[in-house]
Amino acid sequence: VLAVTYDHSRREATIGGYEAESGAAPQLDRGRAGIAALVGMAGRDVAFVPSASAALAMLLDVWPLEAGDEVACLPGEYGPSLTAFSQRRLRIRELPVDQLGRVDLDALGAHLASHPPALVHLTQVPSHRGIAQPAAEVCGVCRSRGIPLVVDAAQALGQVDAASGADVVYGTSRKWLSGPRGVGFVAVRPPTASKLRIPVDEGVDVRSEPSPVQWLERSEGHVAGRLGLSSAVDEVLAAGAAQVHERLAALGRLTRTALDGIGGWRVVEPYDEPTATTTLVAPTGVDVIGTRTRLRVAHGILTSGIDRARAPREMTEPVLRVSPHLGTTVADVQALATALQG
Ligand SMILES: *Cc1c(COP(=O)(O)O)cnc(C)c1O
């Protein structure tokens with residue numbers, strides 16, 4: 001990924017950005033097709049965008065919504081997405097969940113029937129808790145009610161199966177795909193794409209306009225990053241996405257069993273949740289952000305301190321997040337357990 005990103009930047013410097021980009025067109029097509037394979041769509045349904053947040057902002061700008069319309073999501077929705085909804089004066093409706101914040105599928109159909117929202121926005125794996133939401137099942141319920149489903153796969157892609165059947169899936173390069181920062185993607189199924197309110201520039205012949213989804217991919221962008229993301233996706237596909245997901249789930253199980261109860265820290269997820277993301281609630285009187293800093297400075301172990309702003313409607317206290325990736329070893333997890341104790 002690093003070599004691909006570097007090589008393209010060098011070509012931009014030597015032959016010029018536009019020339020370098022047109023020479024890379026086949027790899028960019030392959031990248032869109034790779035992302036499409038992971039989300040269960042076609043390459044032409046995929047656009048590169050600057051980040052997952054940019055994808056949501058761009059979508060909301062062209063989605064047929066009016067101020068006052070309702071967006072339904074889970075109480076554990078990502079804080080910045082809630083802000084994006086309220087900034088556009090959309091009302092937020094919470095869908096029914098169980099104690100862990102997992103969508104209650106039995107109650108969902110009746111809920112959507114009695115309060116049909118303009119769209120359902122589902123964060124498939126939240127950033128504050130390693131729960132994999134049953135996105136394919138949610139998609140089935142939404143489809144049977146004719147309600148569009150938009151899935152935030154920023155924490156899901158590369159970690160769990162993100163081919164849910166949703167109308168829109170968007171995500172980012174820099175998380176579980178380990179691609180470069182500054183690039184993400186949005187994938188929109190054609191029937192939904194045809195409903196987007198894409199502005200037509202003055203003086204442009206609409207017959208030669210690209211498809212609505214391609215419009216979301218602005219001509220100016222981080223092309224080296226798009227190629228880096230494409231290469232990261234290629235690596236996942238070459239390794240076998242299912243094998244990557246299985247291995248990450250095994251690392252999650254290993255991490256949760258090794259850490260639960262250590263020094264009074266408590267694991268939030270069920271041990272067998274098919275994700276690697278592990279979150280820990282601090283023992284009384286222990287500061288999460290201070291612990292995060294201590295682990296990094298004194299032990300060279302990188303974790304994340306997750307504050308309430310990540311999921312303000314669900315979180316009551318900060319948690320410490322551990323995100324073991326494919327390179328994490330049993331010894332690494334044991335070192336963390338020892339460091340947490342001290
Ligand atoms: C990180 C994250 C985002 C935003 O991704 P960016 O690419 O940084 O904009 C959106 N949703 C969730 C659940 C995230 O964890």
Side-chain angles (χ1 to χ4, degrees), residues 1 31 35 38-39 46-61 71 73-87 92 95 97 100-103 119-135 138 149-160 162 164 166 168-187 216-218 221-222 225-226 228-230 232-233 248 252 268-269 273 275-279 302-315 318-323 325:
V1 168
I35 294 168
L38 291 177
V39 302
V46 174
F48 290 110
V49 296
S51 65
S53 324
L56 179 61
M58 291 166 100
L59 262 180
L60 291 176
D61 284 345
V71 174
C73 57
L74 305 184
E77 186 54 86
Y78 187 58
S81 298
L82 293 172
T83 307
F85 301 143
S86 355
Q87 270 176 343
I92 295 159
L95 296 170
V97 288
L100 269 174
R102 199 191 307 271
V103 62
L119 74 93
V120 171
H121 182 270
L122 178 73
T123 294
Q124 192 177 350
V125 178
S127 87
H128 68 296
R129 194 172 286 176
I131 296 291
Q133 299 290 350
V138 171
L149 174 66
V150 175
V151 169
D152 171 351
Q155 294 281 353
L157 205 72
Q159 185 173 204
V160 299
S164 56
V168 177
V169 180
Y170 68 87
T172 192
S173 153
R174 67 189 176 89
K175 292 179 178 173
W176 291 93
L177 293 170
S178 309
R181 296 184 72 171
V183 60
F185 72 90
V186 58
L216 294 170
E217 183 174 306
R218 302 297 150 80
H222 180 26
R226 293 174 183 175
L229 165 58
S230 302
V233 167
L248 288 173
V268 175
E269 298 81 16
E273 192 67 19
T275 56
T277 303
T278 299
T279 49
L302 191 64
T303 55
S304 319
I306 306 290
D307 61 19
R308 279 199 56 227
R310 294 288 181 108
R313 288 177 172 237
E314 184 165 87
M315 291 180 78
V319 290
L320 186 71
R321 190 183 68 193
V322 182
S323 305
H325 214 311

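Keep in mind that what you see is a predicted model, and the values were worked out from it rather than measured. Both ligands and their constituent atoms are indexed starting at 1 by order of listing.
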**OP:** Would you confirm whether R102, through its side chain, and I131, through its main-chain N or O, come within 3.5 Å as a donor-acceptor pair?
**Re:**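 Judged by distance alone, no pair lies under 3.5 Å.
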
Original post:
Do any N or O atoms from the side chain of R181 and from the backbone of R174 form a donor-acceptor pair under 3.5 angstrom?
Top reply: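 It does not hold such a pair.
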
Go through ligand 1 atom by atom and flag the ones less than 4.0 Å from a non-hydrogen atom of [X].
X: S53; answer: 4 (C), 6 (P), 9 (O)
X: T123; answer: 13 (C)
X: A154; answer: 2 (C), 3 (C), 10 (C), 11 (N), 12 (C), 14 (C)
X: A52; answer: 4 (C), 5 (O), 6 (P), 7 (O), 9 (O)

Original post:
Heavy atoms only: which of Q155, K175, E77, R310 is nearest to atom 3 (C) of ligand 1?
Top reply: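 Residue with the shortest heavy-atom distance to the ligand atom: K175.
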
Provide, to 0.1 Å, the distance between [atom] and the closest protein heavy atom, together with that atom's residue and name.
atom: atom 11 (N) of ligand 1; answer: D152 OD2, 2.6 Å
atom: atom 8 (O) of ligand 1; answer: R174 NH2, 2.6 Å
atom: atom 7 (O) of ligand 1; answer: T172 OG1, 2.7 Å

**OP:** Examine the side chains of Q159 and T277 and answer whether a donor and an acceptor come within less than 3.5 Å of each other.
**Re:**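 Side-chain D/A pair, Q159 to T277: present.
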
Original post:
E77 and T123: side-chain donor and acceptor closer than 3.5 Å?
Top reply: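 Checked: E77/T123 side chains pair up, N/O donor to acceptor below 3.5 Å.
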
Subject >> Within reach of ligand 1, part of S51 (heavy-atom separation under 4.0 Å) >> reply: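 S51 to ligand 1: contacts from backbone and side chain alike.
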
**OP:** Please determine if S127 has a nitrogen or oxygen closer than 3.5 Å to a nitrogen or oxygen of ligand 1.
**Re:**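 In this structure, S127 places no N or O atom under 3.5 Å from an N or O of ligand 1.
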
Subject >> From CA spacing to verdict: side chain to side chain contact (heavy atoms under 4.5 Å, CB included), T275, L248 >> reply: CA-CA 6 Å; T275 56; L248 288 173; over 6 Å; no

Original post:
When you look at CZ of R218, are more than 12 heavy atoms from neighbouring residues, nucleotides or ligands closer to it than 6.0 Å?
Top reply: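 Yes.
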
Original post:
Just one of I306, T303, T279, T278 clears the side chain to side chain contact (heavy atoms under 4.5 Å, CB included) bar with L320, so which one?
Top reply: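 The single option meeting the side chain to side chain contact (heavy atoms under 4.5 Å, CB included) with L320 is T303.
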
